[in-house]
Asks: 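Right, I'll just put the structure down here and ask away after.
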Amino acid sequence: MTTLEPATDAAQDNLAALESEAIHIFREVAGEFDRPVILFSGGKDSTLLLHLAIKAFWPAPVPFPLLHVDTGHNFREVLDFRDRVVEQHGLRLVVAKVQDWIDDGRLEERADGMRNPLQTTPLLDTIAENRFDAVFGGGRRDEERARAKERIFSLRNAFGQWEPRRQRPELWNLYNGRHRPGEQVRVFPLSNWTEADVWNYIAREKVELPSIYYAHKREVYQRDGMWLAEGPWGGPRPGEQVRELMVRYRTVGDGSCTGAIESTASTVDEVIAEVQASRLTERGATRADDRMSEAAMEDRKREGYF
């Protein structure tokens, strides 16, 4: 069993600074925008985002609803956790189901079965229908190269598209939320956090997460160097052998493209040690949708993705 030394004063000061920045951003948005919403899937980053929002406005309730774009291929453990958290804190959850868009012909199922790339249209339609003008997301700059270009206040045009040349400088924690009618701003309070920061903060605050973030036995099969689980998204294909392994998930999303890693890390401290030893980001290691091309994430952001 791996044991860790207590976090240093410098590490604790770093977490306190990140927490303070995120809380400042939540309060800034509450003052500048009329209809903000928090993207919440039940994954670790969106759970941390909600935890920070609760702290930002305590003892008052969180003044924003939550929005989840449900691909229909989510892990059951994560959906159960999502619903439990919403009920526990008395929050309003808006769910946009990709299946509804497929059923009425606004979207077509992909040949490869992935539904993560299909989330953009339901997201934009739901934002427009509810007139949300600020959308909180859990994106971090260390996740992926396109994320590293993102401002904390990321201006999107009337079609929800990201235009790098229109992004504004952010100096001295001053954020410009000005936008034209129909435009929106995506807000990323976790921009300056790393995966290690997220897990250290989870340890410090004792934040509950879905059980699949910790080591457990699961039947999986290997495809493109990743361990995928069986589910309603299909698989395995002929020749792909199912094995029962001890695994955990570093990130969660559409089950058809989110891989598990072999792991025995069953506690927060053991996960922290594992993350610190890793040389790959969680998206780079376990998300097939980010491997479709070198610019896959940036292309989707230009279309209106998170």
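Note that these values count all heavy atoms, side chains included, but never hydrogens, waters or copies made by symmetry.
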Asks: For the atom pair CG (Leu190) and CD (Glu21), what is the distance rounded to the nearest 0.5 Å?
Replies: 9.5 Å
Asks: Please determine whether side chain to side chain contact (heavy atoms under 4.5 Å, CB included) holds for the pair Glu274 and Glu270, giving the CA-CA distance in whole Å, both sets of side-chain angles, and the decisive distance to 0.1 Å.
Replies: CA-CA 6 Å; Glu274 191 176 84; Glu270 290 172 349; over 6 Å; no
Asks: Keeping the roles fixed (side chain from Arg115, backbone from Thr71), state whether a donor-acceptor pair exists under 3.5 Å.
Replies: yes
Asks: So Gln276 and Trp199, do their side chains get closer than 4.5 Å, heavy atoms only?
Replies: no
Asks: Would you confirm whether Ser20, through its side chain, and Ala16, through its main-chain N or O, come within 3.5 Å as a donor-acceptor pair?
Replies: no
Asks: For the CZ atom of Arg92 and the CG atom of Leu67, what is their distance to the nearest 0.5 Å?
Replies: 10.0 Å
Asks: Taking His216 for the side chain and Val247 for the main chain, is one N or O donor matched with an acceptor at less than 3.5 Å?
Replies: yes
Asks: Counting C-beta onward and ignoring hydrogens, is there a side-chain heavy-atom pair between Phe40 and Leu49 closer than 4.5 Å?
Replies: no
Asks: Going by an N to O cut-off under 4.0 Å, is there a salt bridge joining Asp197 and Arg140?
Replies: no
Asks: Donor-acceptor pair, Lys97 side chain versus Pro122 backbone, under 3.5 Å?
Replies: no
Asks: If you round to the nearest 0.5 Å, how far is CZ of Arg151 from OG of Ser191?
Replies: 10.5 Å
Asks: Under a 3.5 Å distance rule, please check whether Arg248 uses its side chain to pair with a backbone N or O of Ser266 as donor and acceptor.
Replies: no
Asks: Taking the side chain as everything from C-beta on, heavy atoms only, tell me whether Ser46 gets closer than 4.5 Å to His68.
Replies: no
Asks: Do you know the tightest heavy-atom contact between Gly255 and Leu228?
Replies: O-CD2, 4.5 Å
Asks: Would you confirm whether Asp34, through its side chain, and Asp133, through its main-chain N or O, come within 3.5 Å as a donor-acceptor pair?
Replies: no
Asks: Counting N and O atoms only, with roles assigned by atom type, does the side chain of Glu87 sit under 3.5 Å from a partner on the main chain of Arg84, one being a donor and the other an acceptor?
Replies: no
Asks: Run the salt-bridge test on Arg204 and Glu19 with the 4.0 Å N-O cut-off and return the result as yes or no.
Replies: yes
Asks: Hey, are the side chains of Leu118 and Asp254 touching, using non-hydrogen atoms and a 4.5 Å cut-off?
Replies: no
Asks: Is any side-chain heavy atom of Tyr214 less than 4.5 Å from a side-chain heavy atom of Leu209?
Replies: yes
Asks: Could you state the interatomic distance from CD1 (Ile152) to CD1 (Ile25), rounded to the nearest 0.5 Å?
Replies: 4.0 Å
Asks: Do you know the tightest heavy-atom contact between Gly72 and Pro232?
Replies: O-CG, 4.3 Å
Asks: Excluding sequence neighbours, so at least two apart, what forms side-chain contact (heavy atoms from CB on, under 4.5 Å) with Ala196?
Replies: Thr194, Asn200, Val275
Asks: To the nearest 0.5 Å, what is the distance between CG on Leu66 and CZ on Phe136?
Replies: 11.5 Å
Asks: Compare every heavy atom of Gln184 with every heavy atom of Leu124, then report the nearest pair and how far apart it is.
Replies: CD2-NE2, 4.4 Å
Asks: Below 4.0 angstrom, N of the basic side chain to O of the carboxylate: do Glu77 and Arg218 qualify?
Replies: yes
Asks: With a 6.0 Å cut-off on the ring centroids, do Phe81 and Phe75 count as close?
Replies: no
Asks: I'd like to know if the side chain of Tyr213 reaches the main chain of Lys44, judged simply by a donor and an acceptor atom lying under 3.5 Å from each other, with no hydrogens or angles considered.
Replies: yes
Asks: For Gln241, I'd like to know if atom CD has over 12 heavy atoms of other residues, nucleotides or ligands within 6.0 Å.
Replies: no
Asks: Hey, are Glu150 and Arg186 close enough for a salt bridge, meaning a charged N less than 4.0 Å from a carboxylate O?
Replies: no
Asks: Of all the heavy-atom pairs spanning Lys217 and Glu244, show the shortest one and how long it is.
Replies: CD-OE1, 4.0 Å
Asks: Is Asp45 close to Phe188 at the side-chain level, that is, under 4.5 Å between some pair of heavy atoms?
Replies: no
Asks: Taking side chain as C-beta onward, heavy atoms only, is Tyr201 less than 4.5 Å from Leu18?
Replies: no
Asks: With side chains defined as the heavy atoms from C-beta onward, is the minimum distance between Thr121 and Trp101 less than 4.5 Å?
Replies: yes
Asks: Between Phe64 and Phe132, is the gap from one ring center to the other below 6.0 Å?
Replies: no
